[in-house]
Amino acid sequence: MTAFVNQLPIGLSIGAVLLLIALGLTFTFGQMGVINMAHGEFIMAGAYTAFLLGDLVLALPVAFLVAGVMGLILERAAIRHFYGRPLDTLLLTWGVSLVLQQLARDLFGAPNVQVTAPSWLAGGVGILPYNRLFIMGLAIAGVVAVWAYLTRTGLGRRTQAVVQNRQLAATSGIDTGRVDMLTFFIGSGLAGVAGVALTLIGPVGPALGTYYIVDAFLVVVAGGLGQLRGAVLAAIGLGLLNSYAEFWSDASLAKVIVFAVIIAFLQIRPQGMFVLRSRVLT
Amino acid sequence: MIKRHLPFAAVAVVALVAAPLLLEPFRLGLLAKYLCYAIVALGIGLAWGKGGMLTLGQGVFFGLGGYSMAMYLKLTEAGDGGLPDFMVWSGVENLPALWTPFANPVFALGMAVLGPVLLALVLGTLVFRQRVRGAYFAILTQALAAAMVILLVGQQGLTGGTNGMTNFFELFGQDLADDSTQRGLYLVVASVLGVLYLATRQLVNSRYGRLLVAVRDGEDRVRFLGYDPALVKTVTFAASAGMAGLAGALFVPVVGIISPALLGVVPSLELVVAVAVGGRHALAGAVLGAVVMGYAKTAFSEQFADGWLYLQGALFILVMTLAPKGIAGLTERLRRARTT
Amino acid sequence: MLSVTGLESGYGRARVLFGVSLEVGPGQLVCVMGRNGVGKTTLLNTVMGVLPATAGTVTFDGRDITRLKPHERVRLGMGYVPQGHQCFPQLSVLGNLLVTVEAAKQPREAVDEALEIFPALRPLLKRSAGHLSGGQQQQLAMARALVTRPRMLILDEPTEGIQPSIILEIEAAIERLHASGLAVLLVEQYLDIALRLADTFVILDGGHVVRTGAAEELHREDVQRLLAV
Amino acid sequence: ETATSAKEIKVGLLHSLSGTMAISEVTVRDAELLAIEEINKAGGVLGKQLVPVVEDGASDWPTFAEKATKLIRQDKVATVFGGWTSASRKAMLPVFERYKALLWYPVQYEGLESSPYIFYTGATTNQQIIPGLDYLKEQGKKKLFLVGSDYVFPRTANKIIKAYAAANGMEILGEEYTPLGHTEYSTLVNKVMGAKPDAVFNTLNGDSNVAFFKQLKSAGATAESMPVLSVSVAEEEVTGIGVDNIAGQPVAWNYYQTTETPANDAFVKAYKAKYGQNKVTSDPMEAGYNAVYLWAEAVKKAGSTEVEAVKKAAPGIALERPEGLVTIDGENQHMYKTARIGIIQPDGLIKQVWDSGEPIKPDPFLKGYPWAGGLAAGQ
Amino acid sequence: MLELRDVQVVFDGFRALDGVDLTVPDGELRFLIGPNGAGKTTLIDVITGLTRPAAGTVRFGGQDLVGRKEHQIVRLGVGRTFQTSVVFEELTVLENLDLAASFRKPLWSLARRRKGVSEAVEEALTRTGLEDLAERSAGVLSHGQRQWLEIGMLLAQRPRLLLLDEPVAGMSKDERERTGELLTQIADDHTVIVVEHDMEFLRRHASKVSVLHEGKVLVEGSVEQVSADPRVQEVYLGRRAGDAVGNRP
Ligand SMILES: Nc1ncnc2c1ncn2[C@@H]1O[C@H](COP(=O)(O)OP(=O)(O)OP(=O)(O)O)[C@@H](O)[C@H]1O
Ligand SMILES: Nc1ncnc2c1ncn2[C@@H]1O[C@H](COP(=O)(O)OP(=O)(O)OP(=O)(O)O)[C@@H](O)[C@H]1O
Ligand SMILES: NC(N)=O
Ligand SMILES: [Mg+2]
Ligand SMILES: [Mg+2]
């Protein structure tokens, strides 16, 4: 029975991990329509940043910068030629992710490296270790920051304008190029932060990104592309579902169940949890 | 008319006559493998290039075809009342009921195509009717591939788990290790690809093909022309699934193994990438892309076992940025440049 | 103020404009007319930098802006209302205005000024722009161009899809803005309105300027003949 | 063109250099390269230099089959050293049998196999898993929880463990599998903690071990309160898991970097000299390193690299290796190996706490264990 | 006959249609006007199945339309154009028309190559004057040409009821004239509803007009009757042009 009750906080903490890895993706996806398959490798970059610095707290801002700059370079070098063609960027960024994985293998070696968690994260309350609580806190902070950015700042509004009508944005005086760069910088930077957090609970190696990317995408889909509230609810929902499905069956079956539930869910809410309708025909 | 078919005829002659004569058996086997992928690519070209459905889970259909064929091969090998090797070491004592009909080659081959078609029909009906499309559809199919792999891996007694199935000896009484059998298989694969290519081309040049393009570019508008876009998409998706299934069935005797690794997220993506590199707007581009990328992967990994991923990724990034319409788009541009 | 010389542009390999020249003096209202498909929108898009010019120059206030990005032109004082009542559909009406005012680095009061001119937008401020009716969106588009406090307005068929009473209001607004010294480059299909507003006409056909002249010099019949199919 | 030209002999090295398994396999490849280099320095084999042909199995079993075919048919190598996961071995097996070529497989595995074209230089179950179980039993651990990756090795290993438990009065409280590459272990940890076993038997492979141990540790489990015996965690993996998270936990292998033999001193020194002082050596690396020497010895004895001749010469070859005396068994082409239980130390190395005293005869089908009667049915 | 009874549409609490009653007999050319945002497009959306009414009935030729899918309604003979034209840019003008003309064919029969040009398509081409552009891809058409193509596609569909949402917006005077004639012709054997803001166009081509305001039908009648109605003047027409100009500061 306690094990059963324990699954609740565990589900929430799984949800927090999902949210953290999906947050940056939601951002770039929702704000720019870019499906960034290299997101996982930006997460990896964040994790390696933590490894190199050896200090988790310092690593958070630095990883944000490192991954953000990587995103910036990717945007300038390639993605900007692909706006309005989300499916093409998906494939392009996948190519990038392959290269980045190999790069990591050459820079840091194929075996995993270890990031030592700070001692103040040892221990926990009840079933939840402090490091899980830390991740939850980070996820909440990330959501609040993104929400404030999008709704409380002019930059956020400009970002939305560009994704909704690029040409009109340009002729309304918005420097679309700069907005793109900034958006991609932030979205990728968030991946870097997630990467730092993940060093607390998982392996740090070249394949790190591949372990999380599919789940991150599922959160984004179930939440409604780029919808922040959707992503939050979807992450929590999927976290709980995962936790209880695995509790009653096993890890493999739980993944299959999650997929089935998402399909079923899309029968009721075809565009995800939240959807902004527009009258304009496609 | 004749001029239009000339390139196809030329390619067909090279593929059917020259390749088996010139290539050593190992290389011919690899080519046969690429051609199997080309069949899948053809389906992707139809569904994605023409119909706008980016399917990142085509490996699932490929796998269903492959597993059907593998089940048949395993059963012929085990003989009456025998059990496939992996069942023995997985502790399975009686042949599962699911397996029994696959002893019949007609059933197995039929299921290799029908299984994927049915799954695609069900999935397509569910998602397309709900107007799930674009990136949603792409990601859903990707998740399907991930889930399928996990399901297959988890049912070791039924599917061979991660190992999948391997260790096949004969197909319709022919020794699979024999070079002449492999040559024969190659010819079968090449012919199937040729026939499917012609049929698909016919389809995209028909009204149906126009309708498909219309659905891709304006699904909602198509509704007001009196068509049901969900139906059009579902049928097309099922057709591409059927092709993938058939390709899978041919793949198994050619390569000698089927495993979840062949149908997961990565191989499914690789196929789509191949189509993009070849040029998704032209069916020939899709086919070409599969062969080129297949060859590139083999060549790169043989030459640079340690860093071939760089080359594969770089090749792909370059093609996508410099020639967004792929190789087919380049040749198109060249042809235009010459005529004007 | 705006001067276009020998402008050529098009889409890919298809050329649409073949050496278009025109002049908009300070405070002048120039009306571009022509049948469907002659290249009016293409001309305005090229002037705004949405389409690259393949030949010719565009100067604004004596400065060559042929290679500037659209947003740079906006910041120089060119306000643009594209054809087809476009908006940022998922932003509210107010959001549409705010984002533009911020991008153009103008004070918030500019929004109130624009709402003075299009009071019909006031009750809709909180509504998603994508949910507005076509006419409402068109008014929003005009207002959005105004909040950049342009020195020159470029309007592509601003009366398209607008109810008669509001057409009158829009006409009045254009007139008023023009009177206050704003230069205007207008594409308009309603001959009456064009005749009432314009100082100068430019008539396009097949990507060429076939006629230009002051309003007084052009006879109604003349214009009609040139615009006939 | 054949493998043995006038001056050189081509040998294939086929491991995952990319993908999930690269983590483990790259180092095995490195150890094999070291062996080749040493042999060449010492004059080669039959007076000829060994030339390695390296291919990437890419953590993808069908690729292993394809590359094996390429090495055999295209490069015509004399033998292949390769593989890690049992899945990759199962994929390569038909290729080697079909073309009657030789594979040297260097990793501990689940047994129940004996291909005439494979030499197994890692442990089979009676040289690792059963000693591990004996150790747990000796420690008084009666209730076990089984955790493994979802593939053939863990599933088969766990079948053996269950049979052992039934025969030895032990109780299995739970058995859980996770997909290869799985990283979310909080639920599993909760299940394990909830079941309150005396010990966990861990057959997870690859990256999952990192996530599992990190999450187990932060849930408050320690080596004392919840011993976890691992059979796929060696020195290399300890680095990635983080010593803090796993120190004090037991593992079962045949070799540790700390194993005290003269051959091992030389091996560790040579390896560090070639690849870096901070590098560690581990059991699969050592088994890969051994494989090259054992094959070379057999070739010398046969006076030829010809497969059938080598197979014939191999039985009975005994060499002093870093793990001690290793002898090729003639019956099943596995090795006699010494079983060792070790405890992971705070410095990341593993200290041996128990050994079998002498090399154990390999028994892949567990014929010598009455309780294992049903397991090898049909073989 | 098209019959709407007490049709209500609510968007997030906002009543776009608030009890619309409308009857259009067969063979009538009915104009629908009303202020921006009055609900005209929404009304067409309801008839064609794009928007589901919260209440009310829509009947056409004895069939209930509410709850049917868009393409099913088209199959009952209801065709429409859109306020912003949507054509298939990658297809040629001819292919666009051909697709519109072929929806009654069973899906499998579409798999054959198109041979020649059907009568309906031929007619749509000549009537819209797009013959010269037939082989051009629709993507290169200008705004106005697209509008024509849309009307052509509608004609090729051969519906019994045509709903046109601002078909002449953005057309030059001459083109408006031609469209008006075309509509009058079509109305001979079809029921047509046209939404338009161009009063001159109305005066020339409309016989019966319905005025929609705030989601309700305000008045119905001839153009003269309607334009004379003070409520219509107030909410829609505005005061006379001369006055408006005179009022300017
Ligand atoms: N995106 C495009 N790609 C290719 N050709 C185009 C494109 N847009 C317009 N054209 C072509 O350019 C020509 C001019 O189009 P443009 O939109 O400038 O006409 P317009 O004068 O504004 O017409 P309208 O009054 O209908 O708005 C048209 O004949 C059309 O065929
Ligand atoms: N999906 C929606 N969500 C919210 N409000 C909507 C939606 N669709 C329409 N509306 C509102 O309903 C009202 C009626 O819109 P509709 O488009 O039918 O007007 P219209 O009469 O066609 O106007 P116009 O002449 O300007 O095209 C408008 O106020 C509009 O903002
Ligand atoms: N043999 C193994 N560890 O898969
Ligand atoms: Mg225009
Ligand atoms: Mg409308």
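Since the structure is predicted, the reported quantities are computational estimates derived from the model, not experimental observations.
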CG-CZ distance between E:Leu50 and B:Phe224, expressed to the nearest 0.5 angstrom: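 One finds 4.5 Å between CG of E:Leu50 and CZ of B:Phe224.
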Nearest-0.5 Å distance that lies between atom NE2 in E:His71 and atom CG in B:Asp228: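 It is 3.5 Å, given to the nearest 0.5 Å.
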Within residues 93-102 of chain E, residues adjacent to chain B where the heavy-atom gap is under 4.5 Å: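 Those residues of residues 93-102 of chain E which have a heavy atom under 4.5 Å from chain B are E:Glu95, E:Asp98, E:Leu99, E:Ala100, E:Ser102.
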Residue-level interface, residues 146-159 of chain E with chain B, non-hydrogen cut-off under 4.5 Å: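 E:Glu150, E:Met153, E:Gln157 fall under the 4.5 Å cut-off.
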Non-hydrogen atoms of B:Arg223 and E:Val74 that approach each other most closely: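 The pair with the smallest heavy-atom distance is O-CG2, 3.6 Å.
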Per-residue contacts, residues 269-284 of chain B versus chain E, heavy atoms under 4.5 Å: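 Not one residue of residues 269-284 of chain B has a heavy atom under 4.5 Å from chain E.
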Residues of residues 231-251 of chain B contacting chain E, heavy-atom criterion under 4.5 Å, by residue number: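 Residues B:Leu231, B:Val232, B:Val235 are the ones that qualify, each having a heavy atom under 4.5 Å from chain E.
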Which atoms of E:Phe103 approach chain B - backbone, side chain, both or neither, heavy atom under 4.5 Å: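 When you check distances to chain B, atoms from both the backbone and side chain of E:Phe103 fall under 4.5 Å.
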Heavy atoms from other residues, nucleotides or ligands near CD of E:Glu181 exceed 12 (cutoff 6.0 Å):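 Atom CD in E:Glu181 is crowded, with more than 12 foreign heavy atoms closer than 6.0 Å.
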Heavy atoms from other residues, nucleotides or ligands near NZ of E:Lys69 exceed 12 (cutoff 6.0 Å):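 Incorrect, the count does not exceed 12.
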Test side chain to side chain contact (heavy atoms under 4.5 Å, CB included) applied to E:Phe88 and B:Leu225, B:Val213, B:Val215, the passing residue: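 Single pass found, and it is B:Leu225.
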Short side-chain to backbone donor-acceptor contact, B:Arg221 and E:Val86, under 3.5 Å: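 Here the side-chain-to-backbone pair exists.
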